[in-house]
Number of protein chains: 2
Amino acid sequence: MPKAARNIGLRDVARVAGVSTATVSRAMNNPETVSEELRARIASVVDHLGWVPHGAARALATRRTGTIGAVFPTLTHGDFARAIQALQHELSKSGYTLLLACSEYNPKQEYEQVRKLIERGVDAIVLVGEAHHPDVSGLIQKNNIPHVNTFVYNPETHGTCVGPDNRKALYKLTNYLIELGHRSFGIVAQTAENNDRAQARLDGVRDALAEKSIAIQPRHFAQGHWGINEGRQLFRRILESKPWPTAVLCGNAYLSVGAVLESQAMGIKVPEDMSIVGYDDIEMMSELPVPITTVRVLSDEVGRRTARLLVAKIENKPIGLDLECDAEIVVRKSSGPAKA
Amino acid sequence: MPKAARNIGLRDVARVAGVSTATVSRAMNNPETVSEELRARIASVVDHLGWVPHGAARALATRRTGTIGAVFPTLTHGDFARAIQALQHELSKSGYTLLLACSEYNPKQEYEQVRKLIERGVDAIVLVGEAHHPDVSGLIQKNNIPHVNTFVYNPETHGTCVGPDNRKALYKLTNYLIELGHRSFGIVAQTAENNDRAQARLDGVRDALAEKSIAIQPRHFAQGHWGINEGRQLFRRILESKPWPTAVLCGNAYLSVGAVLESQAMGIKVPEDMSIVGYDDIEMMSELPVPITTVRVLSDEVGRRTARLLVAKIENKPIGLDLECDAEIVVRKSSGPAKA
DNA sequence: TGCTAGTGTGTAACCGGTTACATAACGAAA
DNA sequence: TTTCGTTATGTAACCGGTTACACACTAGCA
């Protein structure tokens, strides 16, 4: 077997074009510093030789890889998927590529993934939420890597997070239900373990209820994973014994879809007998026979702003950007006045 | 401002441990070639200094980055998301990280993304489907990069694709409906432009129908993007004039959900008056009041096998793996005998 | 005792770009 | 004409690992 031919490199381009390697490099990265004529000559040689710059070599020399690492809990949640897609799209506009990893809602795994990403030399890191493995922040700090926590907004940590204020959103949504006359609430929640966003939403509900001195019956509080089927089961568990709550708050889009489907299966009239509301807005929610009232967060906007914030941080530019994303209540048919 | 301290590198580790750089490198990558004693000493120094190997330097020297590039049409499709998650998970077991990009169903964009990934030095590439921009295969070939086309299986290109045989799957599904007595069919399809999988599914349907000399009325064929709402509209268009088909085949999970929801809104009895079937199996389909008959492809299995195939290719190992993924018909309530 | 084979370690030349610094060329100002 | 400033280009030393090859040492054998 003949020895594999050495790949063509910048030196070959330089040789063929009859210039130095520095000039070729400059022609590629700072075209304005190279004379028109050489630039054209070099471009044609590059084209002719089909030279593709070697990323690792460039990364070694510049100490920047042009990659951004992201660790998301899951990709199968439509909102994360949309945010990642927007993030990737926006980053690629600035020449960055996304290195993606999944924590599967496991802090230990998140830590490992972050570690790996740092080894890969990412220029910045994106995480979800503010609650992480205790060593994560040390690792990021020690390596001095810009990072952003997404899907949360916390005025106290301004500049490091992009997303909605989860607590505020559910505080508003709960008050909306209170104004409709509801006094007895059920909650179908995502487990708040390792999930500060889910926790913040619960806090929002509790704060709003506490202000009116409304308490939630323990049997009206169900917590679990997420998914449509999970939503059905948790909803059913809440309705095991009467009296039923007049309004059920779901901590997640899929849970609310499950709750509504189950309510239909049980023959409950929504919203006449019971109001059901969700969080997040996936297409499903507006297409069901009973469209679901929810809090709409534009996930792609979260992704886009995250990208811009990251790029600003990497390039040390000022952040001219609102980091708190809107969380707007979208009223649909699934909510209405409390049954008299 | 003091000049930034040089990062600690392998040379520092070597100096502190009192050995050569080669020995440190070997201790990390081929522990068995280094004496027990040195190995331990080096390990403790590495730990003490908190040294993290520099990925780009290693990549430059080994000519392998340990990254795999993937270009998917979208992430918001649940099946792609699941496959990507499984792919990532499986790859990380073998020490690889996923570089992710999105083509948004645009061949030009796919080509650009592939280009970028190659610049980043990915060790292998994953694409969806076999229909790509004309320059893509040249680019991949020229750079001699292992690649896999996913979500397709084609015996003629065995070894380069992992997924279900789309044509066969819909051929089977159509025959199932024919056996139920259906002779008049409607199709709600995803546009086949730039989407060979959608095309293959259509071919499967047509082949099955042709064998029984069944023709599809042009007005019973509707094609569009995908999504629940799109499904509703396409379905409604098919039913604009009577006589209606007795069975409607949908090219995609979301389209079928839309079709079923719209049929309910229109008061059509499914499956008594009409059968509706889909493709792919997202949670929604089994949770609707009328669960939808469909073809189940285990997307995570597609992702996992893709990962194994890639690793085998990169490391030049034999492929002990079935590359054709099952596409099993899951019969649910939305399909039944044709109305007499 | 001399020779060989085998093991463990060190030396230094890579990998393929970038960029600080030196140099050359040229026009303008003195 | 000399001198200075400006701009365009070249030279070569990096970046931080890996690894071919050389070398030293030990054990085994004739």
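Every heavy atom of this structure was used, including side-chain atoms; hydrogens, water molecules and symmetry mates were not. Below, chain A is the first sequence line, B the second, and so on; all start at residue 1.
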Nearest-angstrom distance from the residue atom CG of A/Asn143 to P of D/dG16
13 Å
So, the side chain of B/Gln109 versus the backbone of B/Cys102: is there a donor-acceptor pair under 3.5 Å, distance only?
yes
Answer yes or no: side-chain N or O of A/Arg58 and base N or O of C/dG16 forming a donor-acceptor pair under 3.5 Å.
no
Supply the atom-to-atom distance A/Leu75 CG to B/Thr76 OG1, rounded to the nearest 0.5 angstrom.
12.0 Å
For the side-chain contact (heavy atoms from CB on, under 4.5 Å) test, which of A/Ile68, A/Val71, A/Ile118 pairs with A/Ile125?
A/Ile118
In terms of the nearest nucleotide of DNA chain C, which residue is placed more toward the 5' end: B/Thr62 or A/Ala22?
B/Thr62
Roughly, in whole Å, what's the span from CG in A/Leu60 to P in D/dT18?
12 Å
On the nucleotide D/dG17, are OP1 or OP2 found under 4.0 Å from the side-chain N or O atoms that B/Trp51 carries?
yes
Does the distance from a Lys or Arg side-chain N to an Asp or Glu carboxylate O, for A/Glu112 and A/Arg115, drop under 4.0 Å?
no
By the definition side-chain contact (heavy atoms from CB on, under 4.5 Å), identify the one residue from A/Val152, A/Asn149, A/Leu309 that meets it with A/Val162.
A/Leu309
Tell me which residues in residues 29-45 of chain A lie within less than 4.0 Å of DNA chain D, going by non-hydrogen atoms.
A/Val34, A/Ser35, A/Leu38
Going 5' to 3' through nucleotides 22-27 of chain C and flagging B where a protein heavy-atom sits under 4.0 Å of the base, S where only the sugar-phosphate is that close, and - otherwise, we get ------
Checking contacts here: which listed nucleotide (D/dG16, C/dG17, C/dG10) is nearest the side-chain heavy atoms of B/Ser20?
C/dG10
Are A/Glu110 and A/Tyr105 side-chain neighbours, meaning at least one heavy-atom pair lies under 4.5 Å?
no
Does OP1 or OP2 of D/dG10 have a side-chain N or O of A/Thr23 closer than 4.0 Å?
yes
Quiz item: A/Arg26 side-chain donor-acceptor pair to D/dG10 base, under 3.5 Å:
yes
Grab the CZ-C1' distance between A/Arg64 and D/dC14 for me, whole Å please.
18 Å
Indicate whether OP1 or OP2 belonging to C/dC14 is found under 4.0 Å from a side-chain N or O atom of B/Arg63.
no
For B/Glu119 and C/dG16, what is the distance between atoms CD and C1' respectively, to the nearest whole Å?
14 Å
Answer yes when B/Arg304 and B/Glu301 have at least one side-chain N-carboxylate O distance shorter than 4.0 Å, and no when they do not.
yes
Would you call A/Thr65 and A/Arg120 a side-chain contact if the rule is heavy atoms closer than 4.5 Å?
no
When you get a sec, tell me which of C/dG17, D/dT19, D/dG17 is the closest nucleotide to the side chain of B/Ala61?
D/dG17
Nearest-Å distance for atom pair CD1/P, residues A/Ile8 and C/dC15:
15 Å
In whole angstrom, give the distance that lies between atom NE2 of A/His54 and atom P of D/dC15.
19 Å
Salt bridge or not for B/Lys116 and B/Glu119, using N-O below 4.0 Å?
no
Is there a side-chain contact between B/Asp79 and B/Val297, using heavy atoms and a 4.5 Å cut-off?
no
D/dT9 P sits how many Å from A/Met28 CE, rounded?
16 Å
More 5' along DNA chain D: B/Leu10 or A/Gly18, using each one's nearest nucleotide?
A/Gly18
